[in-house]
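The structure under discussion appears below in the form of structure tokens.
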Amino acid sequence: MIAYYGRLALLSLKKNVLLTGLMIAAIGLGIGAAMTTITVNYLMSADPIPNKSERLFAVQVDNWSPNEAYDEPNLPPDQVTWLEATQLTEAKMAYRQAGMGTSYGVIEPKGQDQKPYLASVRITYADFFPMFEPPFLYGSGWTAQADEARELVIVLSKEANNEIFGGANSVGETVTFSGNVFRVVGVLDEWEPKPKFFDLATGAFNDMEDVYMPYTLKQALELDTSGNNNCWKPIAEETFQAFLNSECVNSQFWVEFEDPDDKHAYLDFLHNYVAEQKQLGRFPREQNNRLHNVMEWLEYQEVVADDAQMMMYMALMFLIVCLLNTIALLLAKFTGRFGEIALRRAVGASRRTLMLHYSVEAAIVGVLGGLVGLILAWLGLQGISALYGDSTEGLTSLDGTMIAVGFALAIVSSILAALYPTWRACSIAPAGQLKTQ
Amino acid sequence: MLKMTSVRKTFRTDTIETHALRNFDLQVEEGDFVAVTGPSGSGKTTFLNVAGLLETFDEGDYQLDGKSVQGMNDRQLAQLRNEKIGFIFQSFNLLPDLNLFDNVDVPLRYRGFNSAERKQRIEQALETVGLANRMGHYPAQLSGGQQQRVAIARALAGSPRFLLADEPTGNLDSNMASGVLDLLSEINAQGTTIIMVTHDPSLAQRAQRNIFVRDGQVTEVQTGTNIQELLQQTAQV
């Protein structure tokens, strides 16, 4: 019967092309606006590492001022100091752990026709690679021994490898970075986790760094700090070591557990660690240690921007307005078909049968509206991309899930929009309509 | 068999109550051809709508084929209409976007017949009304008489026990009307019970049995009674 209803629906839709076009346009516009904003929100809040997001935890300890919290209500800093990044990593109390931060320096390519350029650097520990699982094109990350020995090893991003080595396998080659010669141990493939969950301090949707090197080199090479650096008291001396030993937070610290429940034991460890630090005169505030897994962290850090959410709600309101228009159009359409409906009832169609019949028609309008909506959504996303440029890269593409969501939303919306007009049409007294035909 | 006992139907608005049927008693036997006449507003069409399960009634009992229809839900009533009743309307009520084949197919779809059986029934019904060679035509391509024949084919295709016709010749000229009535007589001769509402005494006289509806009540008309006179008398009263 569904095929029969479908055939009748197409006949009916073809009969009044203008009305059909208006309904499709109304649903299409609503779906287009809704899908544009839903897609941006969806991509912003997507799980960037679904296979282990429940086992990776961002660590917060509260080394902030005794007089005021880092943020209200009594929130600890989002980042940690160099001391915590190194000491907590070296404590090795989790299955894996990695302190990290960002820096920059000049890469001097070997080719004579290549100019030196400023590269962004992620300094981190060996565990970073197995923890966050960036894909390798060549080689691998460095070892824990390299961290300890402060070896001059480097992992290149695909782009950096293309820039320096023309995309060739550069493992074993050397790269000169700010005057130091590094040995390439690995080259990453394309890797742009969105959001860049392990370091939200400089922007959740920023590009990945050009190269990676051991965090321990920060002290050894006195690498500059880039990104966010927040301090609550002056640095004791104007030396690099004093800066490292200061209470300035500029690093991130993540741990991986084999079992998410291991976080309780780790919180105990943090409690003891902070208690020890208190004895050294640090951590003047009450204990305020926190662990957030990836999705908790994204929520805590409000990665989905308020204005993006507001836009989504407004677009959904617009969809409702479009649906109200569709309801009005369907009412007009079905009112013109009271005679047919009465006839069908007279010859044996129950109300339920007719509801199904006209729901199929509404669903076809929904599919066509969904198609128009997805095209509009795609155009909308291209528009956002053109307006905001690289900062929205990765947030303006419709994937299979969103296409399915778009169609489902269109079909469900159009069926919902058709419920009242269909119910009203099916509730007419057939006798009166049959007599007046 | 169709049996109504003390059926009452009242239409209400905020200010007016209209008693369309009151203590309406009627029994129609299998194979009858009953003509229902009466002045305008007497309740003829209301009776036909109640008989055809298109309208509910307020009081009394109505048994169709031995089953009381009271208390049946929408689905049961729809099924009963589909299986036991065929409708013929004054204005044909054909669906203009469907060709003759598909128009006749409409009630069969709700019956759940498979496509082979539907095809066979449609062809046979259109054959019966003499339009088998025009299955692909659309209603607008037919004359009024032909359209009414299609409507009759649609009513017949499901092999109903009862044909309910509301002024089936009301929109036709006398030649076409006569042809349609001939066809109804043939159908009745093959065993289908027909109840026909008409305002035309000459057509009513061709039925085996005549009933006269006045003020929502039924009066059996004896054979030989001049229905035209009866109508005129009623109008004078």
Side-chain angles (χ1 to χ4, degrees), chain A residues 1-20 330 332-361 364-365 419 422-437, chain B residues 9 11 20 44-56 72-99 102-112 115 118 138 151 154-155 157-158 160 164 166-167 170-171 197:
Chain A
M1 279 302 266
I2 298 289
Y4 175 61
Y5 296 150
R7 189 161 69 85
L8 293 176
L10 289 176
L11 272 175
S12 159
L13 295 173
K14 273 198 285 189
K15 189 177 177 184
N16 195 333
V17 176
L18 182 65
L19 199 58
T20 304
L330 281 168
K333 186 177 178 67
F334 288 160
T335 301
R337 291 168 73 183
F338 278 175
E340 178 192 334
I341 291 165
L343 184 271
R344 289 187 179 280
R345 293 211 61 203
V347 300
S350 64
R351 285 196 189 95
R352 207 164 72 172
T353 305
L354 288 175
M355 288 289 282
L356 179 62
H357 175 164
Y358 293 110
S359 294
V360 169
E361 187 165 330
I364 289 175
V365 171
L419 273 182
T422 310
W423 171 81
R424 192 165 171 265
C426 295
S427 300
I428 54 152
Q433 297 298 323
L434 293 165
K435 187 73 179 173
T436 56
Q437 286 302 294
Chain B
K9 174 72 183 174
F11 293 104
K44 303 186 298 290
T45 296
T46 303
F47 152 68
L48 207 68
N49 288 335
V50 170
L53 309 175
L54 296 173
E55 197 97 68
T56 56
M72 283 187 175
N73 62 28
D74 180 66
R75 191 181 56 78
Q76 291 168 318
L77 291 172
Q79 188 179 354
L80 213 53
R81 278 198 298 271
N82 182 252
E83 290 176 3
K84 301 212 183 274
I85 301 171
F87 289 98
I88 303 167
F89 306 100
Q90 180 177 351
S91 49
F92 324 135
N93 288 94
L94 298 177
L95 301 178
D97 303 326
L98 303 183
N99 61 25
D102 288 334
N103 261 288
V104 178
D105 191 25
V106 172
L108 305 182
R109 288 278 181 172
Y110 299 123
R111 190 76 160 268
S115 68
R118 288 201 321 272
Y138 286 83
R154 181 180 63 198
L164 304 184
D166 190 1
E167 305 276 12
N171 282 2
V197 165

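Every chain is numbered from 1, with letters handed out A, B, ... down the list of sequences.
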>> salt bridge (Lys or Arg N to Asp or Glu O under 4.0 Å) for D102(B) and R7(A)? Distances and angles first, verdict last.
In response: CA-CA 11 Å; D102(B) 288 334; R7(A) 189 161 69 85; 3.5 Å; yes
Evaluate the side-chain proximity of [Y] to [X]: yes if any heavy-atom separation is below 4.5 Å, no if none is.
X	Y	value
L98(B)	E340(A)	no
R75(B)	R351(A)	no
L343(A)	F87(B)	no

Could you look at [X] and say if it's the side chain, the backbone, both or neither that has a heavy atom under 4.5 Å from chain A?
X	value
P96(B)	side chain
L53(B)	neither
D97(B)	both

Without placing hydrogens or testing angles, list every side-chain donor-acceptor pair under 3.5 Å for residues 105-112 of chain B, not counting sequence neighbours.
unit_1  : atom_1 : unit_2  : atom_2 : d
D105(B) : OD1    : R118(B) : NE     : 2.9
D105(B) : OD2    : R109(B) : NE     : 2.9
Y110(B) : OH     : R344(A) : NH1    : 2.9
R111(B) : NH1    : N82(B)  : O      : 3.4
R111(B) : NH1    : G158(B) : O      : 3.0
R111(B) : NH2    : G158(B) : O      : 3.3

> Please walk me through it: do D74(B) and R345(A) pass side-chain contact (heavy atoms from CB on, under 4.5 Å)?
Replying inline: CA-CA 10 Å; D74(B) 180 66; R345(A) 293 211 61 203; 2.4 Å; yes
>> Could you measure the distance from the CD atom of Q79(B) to the OG atom of S350(A)? Nearest 0.5 Å is fine.
In response: 9.5 Å
